[in-house]
Amino acid sequence: MLENPFTVRGTIQNPSDFIGRKAELLHIVTRLKTMQSCSVVGERRIGKSSLLYHLFQTGNERLNDSRYRFVYIELTDASAQTVVDFLQTVLQALDLPTDVIKDDNTLIQNLIAFDKVIKTLVAEGVKVVLCLDEFEGLFDNPSEFSDQFFNQFRTMCNHQRLAVVTASRQPLEVYSLEKKLTSPFFNIFSIAELGDFTPPDVEQFIAHYQAIAQFTPQELDFINRYVEPHPLKVQIFCDMLLQWRDNGFAWTNDEMLDKTTKVYKQFLGGEHDWRKLSRTKSFFSVEGIGEKLALIKAARDLVTGQ
Ligand SMILES: Nc1ncnc2c1ncn2[C@@H]1O[C@H](COP(=O)(O)OP(=O)(O)OP(=O)(O)O)[C@@H](O)[C@H]1O
Ligand SMILES: [Mg+2]
């Protein structure tokens with residue numbers, strides 16, 4: 001039985017499995033060149049964490065500048081529930097002393113101590129970029145993450161001691177209005193909206209896995225006909241197709257699509273109905289996948305010297 005490479009449902013951790021998102025990455029990287037902050041906004045499971053994590057992994061390369069130091073933190077993580085924990089987590093990730101942040105300090109004392117340590121890095125020419133995933137997590141603790149906290153971060157960003165790249169389901173202003181926060185911190189972000197994969201992204205996804213999955217022309221045709229360009233849906237669709245193949249195509253087409261729709265619902269919530277799908281054009285040509293695959297193989301051979 002072939003290996004099934006389509007079982008990932010969480011953040012893409014292996015940079016070579018990260019597909020597409022060229023425009024969004026370019027948008028962010030262009031702004032980071034001048035230390036401007038960005039906010040990645042997109043619906044659930046659209047790929048926000050994967051994008052942020054990929055930026056964290058490849059940012060230096062993309063900026064072609066080793067002075068940048070990227071930190072990735074999930075703000076729903078237990079280590080980011082209080083200001084003290086959050087500041088210490090950031091400093092630890094930057095290999096800086098964390099004991100300047102103290103439980104019995106006032107908020108302002110801690111923020112000043114944090115800024116002071118960051119300034120030492122800035123003086124060495126380091127450019128700190130905080131990739132803050134699930135930023136909405138901070139709004140769940142309004143007594144900790146107050147206007148005063150956000151104002152200090154705005155000052156640091158304004159003076160380019162930091163740049164922040166956030167990911168959240170809604171624009172940050174929506175949460176700040178809801179929580180009655182008035183800090184101008186929420187106006188500094190350039191928004192990068194994350195939506196479905198583009199057709200070339202879908203094609204790249206299929207071509208990337210074709211060597212392992214070995215989709216037949218009929219299977220590629222079926223994918224073309226029914227796959228939706230939501231990244232997690234593409235992943236689930238291919239997973240279901242391999243399961244279908246493994247059971248000797250025991251389900252009818254409709255049964256396969258109904259089962260797939262159920263899995264969409266399990267991971268994405270909401271309603272999904274493949275019958276409403278009116279595909280106007282295919283995502284890729286079956287021959288195109290073959291050509292892409294040959295290019296990928298040629299590039300690999302070049303690297304491995306075969
Ligand atoms: N660029 C990508 N390349 C390949 N697969 C992707 C990509 N982006 C997203 N995916 C697929 O979508 C799934 C969900 O992605 P991810 O967890 O990054 O979304 P999210 O927007 O952070 O979700 P949540 O709203 O739950 O935080 C991944 O497990 C992966 O299968
Ligand atoms: Mg996420």
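Excluded from the calculations below are hydrogen atoms, water molecules and symmetry mates; all remaining heavy atoms, backbone and side chain alike, are included. Order of listing sets the numbers, starting from 1, for every ligand and every atom in it. Numbering starts at 1 and runs along the sequence shown.
Taking every heavy atom of both residues into account, Val128 and Arg161 meet most closely at CB-O, 4.1 Å. A pairwise comparison of heavy atoms in Arg67 and Asn60 identifies N-ND2, 4.5 Å as the closest pair.
Compare Gly10, Gly42, Ser50 by their heavy atoms: the one nearest to atom 18 (O) of ligand 1 is in Ser50. Comparing Leu25, Leu52, Thr11, Ile12 against atom 30 (C) of ligand 1, the shortest heavy-atom distance belongs to Ile12. By heavy-atom distance, the residue among Glu136, Gln13, Lys48 lying nearest atom 25 (O) of ligand 1 is Lys48.
Ligand 1 places these atoms under 4.0 Å from at least one heavy atom of Val8: 29 (O), 31 (O). Close contacts of ligand 1 with Arg169, meaning ligand atoms under 4.0 Å from a residue heavy atom, involve 24 (P), 25 (O), 26 (O). Residue Gln235 has at least one heavy-atom neighbour below 4.0 Å for each of these atoms of ligand 1: 30 (C), 31 (O).
The shell of residues lying under 4.0 angstrom from ligand 1, judged by heavy atoms, includes Asp17. Proximity of Gly20 to ligand 1 is not established, as no heavy-atom distance is less than 4.0 Å.
Proximity of His54 to ligand 1, defined as any heavy-atom pair under 4.0 Å, is not found for any part of the residue. Within the 4.0 Å heavy-atom criterion, the part of Arg9 lying near ligand 1 is the backbone and not the side chain.
Between Phe70 and Phe56, the distance from one ring center to the other does not fall under 6.0 angstrom. Here the two rings, on Phe153 and Phe114, have centers that are under 6.0 Å apart.
In terms of polar-atom proximity, defined here as any N/O pair under 3.5 Å, Pro231 makes no such contact with ligand 1. By the 3.5 Å distance cut-off applied to N or O atoms, Arg21 is not counted among the residues near ligand 1. Checking only distances, Arg44 never comes within under 3.5 Å of ligand 1, N or O to N or O. For Ile19, a nitrogen or oxygen atom sits less than 3.5 Å from a nitrogen or oxygen atom of ligand 1, counting backbone and side chain alike. An N or O contact shorter than 3.5 Å is missing between Phe197 and ligand 1 by distance. Residue contacts with ligand 1: Gly47 is placed with a nitrogen or oxygen under 3.5 Å of a nitrogen or oxygen of the ligand (distance criterion only).
Residue Ser50 does not count as close to the Mg ion (ligand 2), with no N, O or S atom under 2.8 Å.
Thr89 places a side-chain N or O within donor-acceptor distance of the main-chain N or O of Ser79, the cut-off being under 3.5 Å.
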Evaluation steps, side-chain hydrogen bond (donor to acceptor under 3.5 Å, both in side chains), between Asp258 and Thr261: CA-CA 5 Å; Asp258 285 339; Thr261 305; 5.1 Å; no

Candidate pair Phe222 and Phe237, rule side-chain contact (heavy atoms from CB on, under 4.5 Å), full reasoning: CA-CA 10 Å; Phe222 191 80; Phe237 196 91; 3.7 Å; yes

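Protein heavy atom nearest atom 26 (O) of ligand 1, with residue, atom name and distance: Arg45 CD, 3.0 Å. The shortest contact between atom 13 (C) of ligand 1 and any protein heavy atom is with Leu232 CD1, 3.6 Å.
Asp239 and Gln243 share a donor-acceptor pair across their side chains, judged by distance under 3.5 Å alone. Side chain to side chain, Arg62 and His54 meet the donor-acceptor criterion of an N or O pair below 3.5 Å.
Ring pair Phe186/Phe139 is tilted by interplanar angle, where 30° to 60° counts as tilted. By the 30° and 60° cut-offs, the orientation of the rings of Phe6 relative to Phe215 is parallel.
The shortest distance between side-chain heavy atoms of Phe149 and Gln152 does not fall below 4.5 Å.
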